[in-house]
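Read the structure below first, then the notes.
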Amino acid sequence: MTQTPPTTSPKYRQLTFGVTRAVLRSGDDGVQYLQAEVPLLPYAERMTDRLGHWAREAPDRTFVARREKRADGSTGDWIRVSYAEAHRQARGIAQAILERHLDAERPVAILSENGIEHLLMVIGCLYAGVPHCSVSPPYSLVSQDFEKLRHVMKTLTPGMVFAADAQRFARAIDAAVPPEVEIVLVDGRLPERSSTSFAALAATIPTAAVDEAMAKVGPDTITKFLFTSGSTKMPKAVVNTHRMWCANQQQMSQSMPALSDEPPVLVDWLPWNHTFGGNHNVGIVINNGGTLYIDDGKPTPAGMAETLRNLREIAPTIYFNVPTGFEAIANAMETDELLRRNLLSRVRMFFYSGAALAQPVWDSLHRTQEAEIGERIVMGTGLGMTESGPFALYVTGPQVRSGDLGLPAPGIEIKLVPSDGKTEVRYRGPNITPGYWRAPEATAEAFDEEGYFITGDAVTWIDEGDHHRGLRFDGRIAEDFKLATGTFVSVGPMRAKIIAAGAPYVQDAVLTGINLREVGALIFPTAKVRELAGLAADASMREVVESPAVQAHFQQVLDTLAAQSTGSANRVARLHIEHEPPSIDKGEVTDKGSINQRAVLKHRADTVDALHAGGLSCILQPGGQTS
């Protein structure tokens, strides 16, 4: 669909875009190939080469900082680690790892959330040439059956497991970590098994063995395993190599030149078990000699207070978050003068990923920015995945709209393949994973006959008459389905419309109606819906979503959507607001906060059936309410 640009161009804070033109060629059967005109420049062979560079060139610069954690759970001043100190401790950890003869068959598994010791363990593994895996903390702290953690342990067979706090991770370790595996702890001890303190590990005196190990590390050496979120199947371990990481950082630097204009300062909560936080953002800091302030907040009602506190104090040069985080920040900036002043003081670019950012949130941020500093901050975005390192596509100019993806980064060639009326995007380049660990069949299925990684993501042109403007997101092909009439329902665009129409009270939506006559929707509300309900603070979420005020509001949303629809495939015929949040144990929500449509449909099949059979209370339909 052609998008008409605004008649007047708003003013944006100066930002350079590295890829604005691309080469498009046609293949057989409607297939097209697209790549950036600008070539990929040389990049480092190992990410540790970049860390060593900054340890020599800027030894006293803060590499990573985190607020002191007090015994009562509060946080204090920033604890800082310089590049020189990080380099020194990482080499000691590398020596300790080498003495234990760990390798890819017996890597290091890290259970804890983001932290200074966590990052030093990561770098120590890099220096030793031994892979690590930052495991999703909810697998240990939220899960009740530890099924996914056991799966991770079985897949990796780690020789060492790290956890920051013995008390918090004791149950998970007891349930899933074999007794012969060495446990490394920062705080506390486990009563039933021996463990090593992190301090002792880091105090190991490095020898020439560390340098010898580094000399053996090359572009194909595995840096880490990152597990996919998993939907109806168990997560897969994506192999990440030094070539992938280093190439991807160079691709990012060429696409986003602001990254290397000055040492970047990041205030970041994004989890390191996910590629956005652990590869994209940690890599930006290491590659460009920046400073990472670890944000212990999260985009939740309870966690945002800490994030906002940090952003009032530390001014980032580039700021990354997921849509729910930007929504909370947009709301806070409307009334928080200190937050506006500090956050907007030197930030060059905002960047979101993980899910669709509703246009009303985008518009709110721009209004606040224009009122405070007289110009807009570019909201950068693109497309990528764990298997692409993750950076693959990035927008080409400042006037970005929700859903825009842009053009491929230098060095990536993308393949556009027709698929049931949509176009799937596939990747080939130095940043693409060689496959899944210990899963040869899954690896073979992931690549097509030309060696392109099959993403399952659908795209369309921003402007069919000008391919240089790039691509837009068109949903996940696996999420799309047919109605009984044979009409395809395009889930991604329809879901985005629901979220936009219901903002700021809709966190996500799952579409239903596979092989039925009409489309339904399960709505997962944001915490802000409590304000709409007007009930007591201790009211249950069921009471909130079934309150007359909330039901009336969503009736209006549904009627508005129905008025805009053009047929059964884009008309929500029945809607239900869920009071139970999506479950991470069941794979209904990923670590980045996005909804897994397939998992929700599987695990809430009874609810879906009742929605379409009229067996649920508080079913909303266009033009009136039924129960």
Next on the checklist: Quick check against the 3.5 Å criterion: does T526 have a side-chain atom that pairs as donor or acceptor with the backbone of P504?
Outcome noted: yes
Correct closest heavy-atom pair for S388 and N248 would be O-ND2, 3.7 Å
Those residues at least two apart in sequence (or on a different chain) that pass side-chain contact (heavy atoms from CB on, under 4.5 Å) with V506 are I499, I523, F554
Can any side-chain N or O of T455 pair as donor or acceptor with the backbone N or O of V425 at less than 3.5 Å?
-> yes
Can a donor-acceptor pair be found, under 3.5 Å and without considering hydrogens, that links the side chain of T433 to the backbone of G435?
yes
Should E445 and I454 be marked as a side-chain contact (heavy atoms from CB on, under 4.5 Å) after you check the CA-CA gap, both sets of side-chain angles, and the distance that decides it? CA-CA 8 Å; E445 292 172 356; I454 302 169; over 6 Å; no
Under 3.5 Å, is there a donor-acceptor pair linking the side chains of K298 and T307?
no
Residues pairing under salt bridge (charged side-chain N to carboxylate O under 4.0 Å, His left out) where one sits in residues 273-294, two or more places apart or in two chains, turn out to be none
Sequence neighbours excluded, the answer for ring pair (Phe, Tyr, Trp, His ring centres under 6.0 Å) partners of F453 is F447
| Do H132 and F225 have their ring centres less than 6.0 Å from each other? | no
In short, ring pair (Phe, Tyr, Trp, His ring centres under 6.0 Å) pairs touching residues 296-316 with sequence neighbours left out are none
When every non-hydrogen atom of Q597 is compared with those of L511, the smallest separation belongs to OE1-N, 3.3 Å
Those residues at least two apart in sequence (or on a different chain) that pass side-chain hydrogen bond (donor to acceptor under 3.5 Å, both in side chains) with E313 are R67, W78
From the list E413, R426, E424, side-chain hydrogen bond (donor to acceptor under 3.5 Å, both in side chains) partner of Y452 resolves to E413
Sequence neighbours excluded, the answer for ring pair (Phe, Tyr, Trp, His ring centres under 6.0 Å) partners of Y505 is H553
**OP:** Tell me, with the steps shown, if E337 and R340 meet salt bridge (charged side-chain N to carboxylate O under 4.0 Å, His left out).
**Re:** CA-CA 5 Å; E337 180 182 356; R340 292 196 302 269; 5.1 Å; no
CZ of F227 to OG of S136, rounded to nearest 0.5 Å, is 11.0 Å
> Taking R376 for the side chain and Q369 for the main chain, is one N or O donor matched with an acceptor at less than 3.5 Å?
Replying inline: no
- Query: Do the numbers put K224 on top of the ring of W272, so that NZ or CZ is under 6.0 Å from the six-membered ring centre and no more than 45° off the axis?
  - Reply: no
The side-chain contact (heavy atoms from CB on, under 4.5 Å) partners of Q14 (sequence neighbours excluded) come to T16
OH (Y43) and CZ (R243) are apart, to the nearest 0.5 Å, by 5.5 Å
Rounding to 0.5 Å, atoms CG (N279) and OG1 (T223) come to a distance of 6.5 Å
Next on the checklist: Side chains of S9 and Q399: any donor to acceptor distance under 3.5 Å?
Outcome noted: yes
- Message: What verdict does the side-chain contact (heavy atoms from CB on, under 4.5 Å) test give for L119 and F63, after you've listed the backbone C-alpha separation in whole Å, the side-chain angles of each residue and the deciding distance to 0.1 Å?
- Response: CA-CA 10 Å; L119 188 53; F63 167 50; 3.7 Å; yes
Residues at least two apart in sequence or cross-chain that pass side-chain hydrogen bond (donor to acceptor under 3.5 Å, both in side chains) with Y436, listed by chain then number, are E387
Of T443, I222, T241, the one forming a side-chain contact (heavy atoms from CB on, under 4.5 Å) with P434 is T241
One should read off an interatomic distance between M385 CE and F391 CZ, to the nearest 0.5 angstrom, of 15.5 Å
Has the side chain of T423 got a donor or acceptor atom that lies under 3.5 Å from a matching backbone atom of S419? no
Query raised in the report: Do F276 and Y352 have ring centres separated by under 6.0 Å?
Result: no
Exactly one candidate in F351, F326, W269 meets ring pair (Phe, Tyr, Trp, His ring centres under 6.0 Å) with Y319; the answer is F326
message: Between V347 and R13, is the side-chain contact (heavy atoms from CB on, under 4.5 Å) condition met? List the steps.
response: CA-CA 9 Å; V347 69; R13 180 164 287 181; 4.3 Å; yes
query: Is the shortest side-chain N to carboxylate O distance from R598 to E479 below 4.0 Å?
result: no
side-chain contact (heavy atoms from CB on, under 4.5 Å) filter on P398, not counting sequence neighbours, yields Y12, F17, V378
Contacts of T512 meeting side-chain contact (heavy atoms from CB on, under 4.5 Å) (sequence neighbours excluded), chain-then-number -> L522, L601, V608, L611, H612
Is the backbone N or O of G290 less than 3.5 Å from a side-chain atom of N288, with the two atoms forming a donor-acceptor pair by type?
-> no
Contacts of E450 meeting side-chain hydrogen bond (donor to acceptor under 3.5 Å, both in side chains) (sequence neighbours excluded), chain-then-number -> Y33, K415
Taken to the nearest 0.5 Å, the spacing of M333 CE from L338 CG works out to 12.5 Å
When rounded to the nearest 0.5 Å, the distance separating OG1 of T368 from CD1 of I373 is 10.5 Å
Is there a donor-acceptor pair closer than 3.5 Å between any side-chain N or O of D404 and the backbone N or O of V400? no
M494 and R571 have their tightest heavy-atom pair at CE-N, 3.5 Å
With sequence neighbours left out, the residues meeting side-chain hydrogen bond (donor to acceptor under 3.5 Å, both in side chains) with D268 are N281
| task | Return yes when atom NZ of K497 has more than 12 non-hydrogen atoms of other residues, nucleotides or ligands closer than 6.0 Å, and no otherwise. | result | no
Open item on the list: Check this for me, if you would: do D295 and R66 make a salt bridge, where the nitrogen-to-carboxylate-oxygen distance has to be below 4.0 angstrom?
Closed with: no
Smallest heavy-atom separation, I412 atom then N431 atom, equals CG1-OD1, 3.4 Å
Do the side chain of E588 and the main chain of S583 share a donor and acceptor less than 3.5 angstrom apart? yes
Practice task
Kindly determine whether L405 and V459 satisfy side-chain contact (heavy atoms from CB on, under 4.5 Å), including the steps that lead there.
Solution key: CA-CA 9 Å; L405 302 175; V459 296; 3.7 Å; yes
When every non-hydrogen atom of R50 is compared with those of I286, the smallest separation belongs to CB-O, 3.8 Å
Open item on the list: Quick one: does any side-chain atom of T317 pair with a main-chain N or O of V265 as donor and acceptor, under 3.5 Å?
Closed with: yes
**Prompt:** Are the side chain of D336 and the backbone of A332 linked by a donor-acceptor contact shorter than 3.5 Å?
**Reply:** no
Distance-only donor-acceptor check, side chains H468 and T20, under 3.5 Å = no
T460 and D474 have their tightest heavy-atom pair at N-CB, 4.2 Å
- Query: Any luck finding a side-chain donor-acceptor pair between T324 and Q507 under 3.5 Å?
  - Reply: no
